[in-house]
Amino acid sequence: MSKVYTRDYWETVLSALTPEGRHFINGKLRAAVTGETFTRARPMDGKPGATVARGGAVDIDAAVKSARTAFESGVWRRKEPLEKKKIMLNWADLIRAHGEELAMLETLDVGKPIMASLNVDVRLCADGIQFYGEMIDKLYDEIAPTGPYARALVRKVPLGVIGVITPWNYPMIIDAWKLGPAIAAGNSVVLKPAEQSSLTAIRLASLAVEAGLPAGVFNVVTGYGEETGKPLALHMDVDMIAFTGSTEVGKLIMGYAAQSNVKRVALELGGKSPLVVFEDADLDAAASAVAWGCFYNSGETCHASTRLIVHRSVQDALIAKIEAVTKSDIALRHPLDPTAQIGALIEEAHLEKVLSLVAVGEKEGARRAFGAERVMTETGGFYVSPGLFVDMTNDMSLARQEIFGPVLAAIAFETEEEALRIANDTIYGLAGAVFTKDIDRAHRFSEAIHAGTVWINTYDMSNFATPFGGFKQSGFGRDRSVHAIDKYCDYKTIWQQFG
């Protein structure tokens, strides 16, 4: 019989929680060398959150040395594949066993609904670690074709020490996207989580060691980007940086790689994804996809469907349906309310940014159809209602900038050629979608959208078998799928000559 969750139940879990905020280096919890810490306001209510170690370059250096020692010793990479697989599967099981604790830590940090943290984020984190654990004993090297007097082995070898920098919108999920393949490939990792979302990263590291992962293979250093992320990206003994975050910071990461040791870089960056609805589309299906695609996680999703490109003849009908879906199905409530579908924005500064962009949009001529207002102020938290703007052109700020909030821009079109031009008129290329009953147009249009993922008559459907990443200024390199392992490895040729 499944457990019935209530607000009181989650309040009890929260009251019993003692979050750990220290670094995790070489298998042990450590305070910052300076002893400094920081505390953030909780997104759900504005109250002081957990105390977290404020790391610096010296802490990063200690973590990198730990990771390098573990890698060079071969304590993990030389272990039998079946044994490595068992450890990672055990790690996934422990994540599931501690699901309520991890979910509460995630909600405490980032303000998302507790049931989403439990049923989506914890689940997908565990599934990701399991997926790559299962892959370990199924990775093969190659023998290249040669003449009869030579044998050429082509081996896929781990890079060494991987620096991972992850964002605050889906901490556990994106951690798994990078930790799973990097560690499965035989590397050691230093993870720098966003300063807004440190708690689950620390707990994941302790669970990994409990599962049998050798000390030093997975390290966590918490702190601010300039103080910890930058030293990690500049470190001369880090072989690669895997980063998910804004395009602006991604450009800095590339510069740091060039300034240091020409380390490899994989970037999953911003998005302004188009969802194109033609006049023959199923408007009910499109309305649901648009609303959930844009407003889920309070719009704090890199591939959110924030640009609705809709045929003018069905625009009014579709917008009415989107508003109805939003008000009936997407409940904005306190994150500890089990019925909440969306919760708080990450912090007050981000809330102010979202509202300032809304104000700019209105000055430029965008008209508010509904929402996009600060609400639930009595809680002390940071909440913005889902909102939609019409009378827009694609050169307006609401259509160009990644708002990272629950704000949807609707742009009307007349012809297929115009719709495609608008869809591709962006610096980003992370995702997109097309809704039409014309299968020829669906495939023609989906091929023409310049994005890493394009959906037909749906949105945000995926699994670990499909790669995820972007084109243009949405970055390069892929998370998820077997292809994700490739970027954490390199090919080594071993040629043996006979006679």
Side-chain angles (χ1 to χ4, degrees), residues 112-113 116 272-301 303-334 337 339-345 351 354-355 357-377 382-394 396-399 401-413 419 422-423 432-436 455 457-460:
K112 68 176 61 191
K272 197 69 181 175
S273 300
L275 192 155
V276 181
V277 180
F278 284 95
E279 67 277 13
D280 65 339
D282 180 333
L283 295 188
D284 289 322
S288 180
V290 171
W292 284 103
C294 183
F295 301 143
Y296 182 74
N297 206 47
S298 297
E300 296 171 329
T301 301
H303 63 275
S305 55
T306 51
R307 285 190 302 147
L308 168 61
I309 303 170
V310 55
H311 195 275
R312 193 175 302 278
S313 66
V314 296
Q315 178 181 229
D316 291 346
L318 179 60
I319 288 172
K321 289 178 180 293
I322 293 169
E323 183 174 11
V325 168
T326 302
K327 292 181 176 179
S328 64
D329 297 348
I330 306 179
L332 170 59
R333 292 176 183 150
H334 190 285
D337 184 334
T339 66
Q341 297 290 348
I342 56 175
L345 295 182
L351 177 146
V354 170
L355 294 180
L357 285 170
V358 165
V360 169
E362 289 186 301
K363 286 180 181 179
E364 292 177 345
R367 179 171 60 85
R368 189 193 308 259
F370 64 85
E373 299 170 316
R374 185 168 189 179
V375 295
M376 296 173 58
T377 55
F382 316 124
Y383 300 88
V384 171
S385 62
L388 187 153
F389 287 82
V390 296
D391 298 343
M392 292 196 57
T393 58
N394 201 49
M396 291 180 175
S397 297
L398 291 180
Q401 297 188 40
E402 186 181 33
I403 299 172
F404 230 58
V407 181
L408 176 62
I411 304 166
F413 71 89
I422 295 170
V434 55
F435 277 72
T436 178
W455 291 280
N457 294 327
T458 189
Y459 204 83
D460 200 22

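When the side-chain hydrogen bond (donor to acceptor under 3.5 Å, both in side chains) test is applied to Thr436, the partners found at least two apart in sequence or on another chain are Asp280, Arg441. Not a single salt bridge (charged side-chain N to carboxylate O under 4.0 Å, His left out) links Glu402 to another residue, sequence neighbours left out. The salt bridge (charged side-chain N to carboxylate O under 4.0 Å, His left out) test applied to Asp282 returns no partner, not counting sequence neighbours.
Contact detail for Lys272 and Gln401: the closest heavy-atom pair is NZ-O, 2.7 Å. Heavy-atom minimum distance, Ser298 versus Ala344: OG-O, 4.0 Å. Considering all non-hydrogen atoms of both residues, Arg333 and Ala340 come closest at CB-CB, 3.8 Å. Here the closest non-hydrogen pair linking Ser273 and Tyr459 is CB-OH, 3.3 Å. Between Ala399 and Met392, the shortest heavy-atom distance links the atoms N-CE, 3.8 Å. Nearest heavy atom pair, residue Val325 against residue Ser288, reads CG1-CA, 4.2 Å.
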Determine, step by step, whether Glu300 and Lys112 satisfy the side chain to side chain contact (heavy atoms under 4.5 Å, CB included) criterion, reporting the C-alpha distance in whole Å, the side-chain angles of both residues, the deciding distance to 0.1 Å, and the verdict.
CA-CA 10 Å; Glu300 296 171 329; Lys112 68 176 61 191; over 6 Å; no

Show your reasoning for whether side chain to side chain contact (heavy atoms under 4.5 Å, CB included) applies to Gln341 and Trp292.
CA-CA 10 Å; Gln341 297 290 348; Trp292 284 103; 3.4 Å; yes

Evaluate the criterion side chain to side chain contact (heavy atoms under 4.5 Å, CB included) for residue pair Thr393 and Glu364; output intermediate values, then yes/no.
CA-CA 10 Å; Thr393 58; Glu364 292 177 345; over 6 Å; no

Residues Tyr383, Leu332; criterion side chain to side chain contact (heavy atoms under 4.5 Å, CB included); working and verdict
CA-CA 8 Å; Tyr383 300 88; Leu332 170 59; 3.9 Å; yes

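Although no hydrogens or angles enter the test, the distance criterion places a donor-acceptor pair under 3.5 Å between the side chain of Arg368 and the main chain of Gly371. Put simply, the side chain of Arg374 never gets that close to the backbone of Leu351: no donor and acceptor are under 3.5 Å apart.
Expressed to the nearest 0.5 Å, how far CG of Asp460 lies from OG1 of Thr301 amounts to 7.5 Å. Taken to the nearest 0.5 Å, the OG atom of Ser305 stands 8.0 Å off from the CZ atom of Phe295. Atom CG of residue Asn297 and atom CZ of residue Phe404 lie 8.0 Å apart, to the nearest 0.5 angstrom.
For the pair Leu318/His311, no side-chain contact is recorded, criterion being any heavy-atom separation below 4.5 Å from C-beta on. Taking 4.5 Å as the limit, every side-chain heavy atom of Lys321 sits out of range of all side-chain heavy atoms of Val290. Residues Ile319 and Val390 meet the side-chain proximity criterion, which asks for heavy atoms closer than 4.5 Å. At least one side-chain heavy atom of Pro406 sits less than 4.5 Å from a side-chain heavy atom of Leu345. Residues Phe413 and Val276 have side chains in contact (heavy-atom distance under 4.5 Å, counting atoms from C-beta outward).
The side-chain contact (heavy atoms from CB on, under 4.5 Å) test with Pro386 is passed by exactly one of Val407, Leu408, Ile342: Ile342.
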